[in-house]
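Not measured: the values here are computed from a predicted model.
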Amino acid sequence: MAIALQGCHRVAVDPYWGRIDQYLEGEVARRGRLMVQVGVGALLDSLRPMAVWRPPVLEIPGYRPLVHPEADFHVTGRPFLLAPSVFCGPVPQLFASPQANTVVMVYPALNNPVHAAALWASPTDTRQVDAPVPPALSALLGRTRAIVLCVIADHPACTTTQLAQRAGISPASASEHATTLRSAGLTTLTRERKAALHALTHLGLTLLNTNGSAPAES
């Protein structure tokens with residue numbers, strides 16, 4: 001069994017782990033910013049429709065416990081940890097033992113089909129996080145716009161301010177380049193309150209990986 005599980009992980013998980021880790025970091029950052037800026041109530045309310053916040057109760061429609069014998073779970077003042085997962089089914093699950101100090105809710109983080117397609121695309125010639133900007137991509141888009149695209153790919157759910165800082169350009173310039181990339185279908189924008197969060201589309205990932213594997217002309 002152990003050997004079979006190792007083989008399954010090597011084929012089905014390991015080739016995609018860099019993207020998975022990157023995507024989940026972006027998800028945690030997005031939820032964390034929401035909690036810091038607006039509060040815990042807004043964070044829990046953002047989990048709709050997979051979970052419905054009716055203070056002081058968080059309801060999970062269609063919940064069927066995998067571990068606990070009862071559907072009602074009392075946190076009773078213990079720490080409550082949200083754990084995004086790309087392997088979770090459509091209904092979140094709760095995990096804790098009577099001796100555990102922390103209650104963990106594993107919830108599906110991959111709800112957008114575009115993001116799912118990009119995450120599970122063929123891992124062949126996939127760009128590594130924070131790798132140099134491919135020369136072919138710079139020639140195609142222009143160096144600054146290529147850098148912006150790579151920053152968005154390497155740091156999903158980054159804000160426009162973070163994008164500008166990592167790309168070494170002004171926020172106005174970052175916004176302009178991001179708008180152009182979004183108009184071309186290479187990136188998406190999600191708004192969380194006042195923050196604009198940027199992410200790559202499947203088309204953007206395909207372009208980045210294709211140009212990343214193409215040899216530079218001499």
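- Here the closest non-hydrogen pair linking Ala184 and Leu203 is O-CD2, 3.8 Å.
- Phe80 and Val28 end up in different hydrophobic clusters when Ile, Leu, Val, Met, Phe, Trp and Tyr side chains are linked at under 4.5 Å.
- In this structure, the side chain of Thr160 does not engage the main chain of Ser175 through any donor-acceptor pair within 3.5 Å.
- Taken to the nearest 0.5 Å, the CG atom of Asp14 stands 11.5 Å off from the CD atom of Gln6.
- Taking hydrophobic clusters as Ile, Leu, Val, Met, Phe, Trp and Tyr residues chained together by side-chain heavy-atom distances below 4.5 Å, Tyr107 shares a cluster with Leu94.
- With rounding to the nearest 0.5 angstrom, the CG atom of Leu149 is 12.5 Å from the OG1 atom of Thr144.
- Dense packing is recorded around CG of Leu5, with more than 12 heavy atoms of other residues, nucleotides or ligands lying under 6.0 Å away.
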Throw together a table of side-chain donor-acceptor distances under 3.5 angstrom for residues 39-53, partners on residues two or more places apart or in other chains.
{"from": "Asp45", "atom 1": "OD1", "to": "Arg48", "atom 2": "NE", "distance (Å)": "3.0"}
{"from": "Ser46", "atom 1": "OG", "to": "Arg31", "atom 2": "NH1", "distance (Å)": "2.7"}
{"from": "Ser46", "atom 1": "OG", "to": "Leu43", "atom 2": "O", "distance (Å)": "2.5"}

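- Minimum heavy-atom separation, Val133 to Cys150: CG2-SG, 4.1 Å.
- Separating the CG atom in Asn111 from the CD atom in Glu27 is a distance of 8.0 Å, to the nearest 0.5 Å.
- Residues satisfying the side chain to side chain donor-acceptor pair (under 3.5 Å) test with Ser85, not counting sequence neighbours, are none.
- Placement of Leu181 and Leu189 in two distinct hydrophobic clusters is found when ILVMFWY residues are connected by side-chain heavy-atom separations under 4.5 Å, directly or transitively.
- Taking 4.5 Å as the limit, some side-chain heavy atom of Val148 sits within range of a side-chain heavy atom of Ile169.
- The shortest heavy-atom contact between Thr102 and Ala96 is O-CB, 3.7 Å.
- Pro15 approaches His9 most closely through the heavy-atom pair CD-O, 4.3 Å.
- Between the OG1 atom of Thr201 and the CD1 atom of Ile152 there is a distance of 10.0 Å, given to the nearest 0.5 Å.
- Once rounded to the nearest 0.5 Å, the distance linking CZ of Arg166 with NE2 of His155 reads 4.0 Å.
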Can you give each donor-acceptor pair under 3.5 Å made by side-chain atoms of residues 55-66, sequence neighbours left out, with the distance rounded to 0.1 Å?
{"from": "Glu59", "atom 1": "OE1", "to": "Arg54", "atom 2": "NH1", "distance (Å)": "2.5"}
{"from": "Glu59", "atom 1": "OE2", "to": "Arg54", "atom 2": "NH1", "distance (Å)": "3.4"}

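- Interatomic distance, Arg143 CZ to Leu137 CG, rounded to the nearest 0.5 Å: 10.5 Å.
- Taking 4.5 Å as the limit, some side-chain heavy atom of Leu197 sits within range of a side-chain heavy atom of Thr159.
- Placement of Val91 and Val103 within a single hydrophobic cluster is found when ILVMFWY residues are connected by side-chain heavy-atom separations under 4.5 Å, directly or transitively.
- Put simply, the side chain of Phe87 reaches to within 4.5 Å of the side chain of Val13, judged on heavy atoms.
- Pairing each heavy atom of Pro108 with each of Pro90, the nearest pair is CG-O, 3.8 Å.
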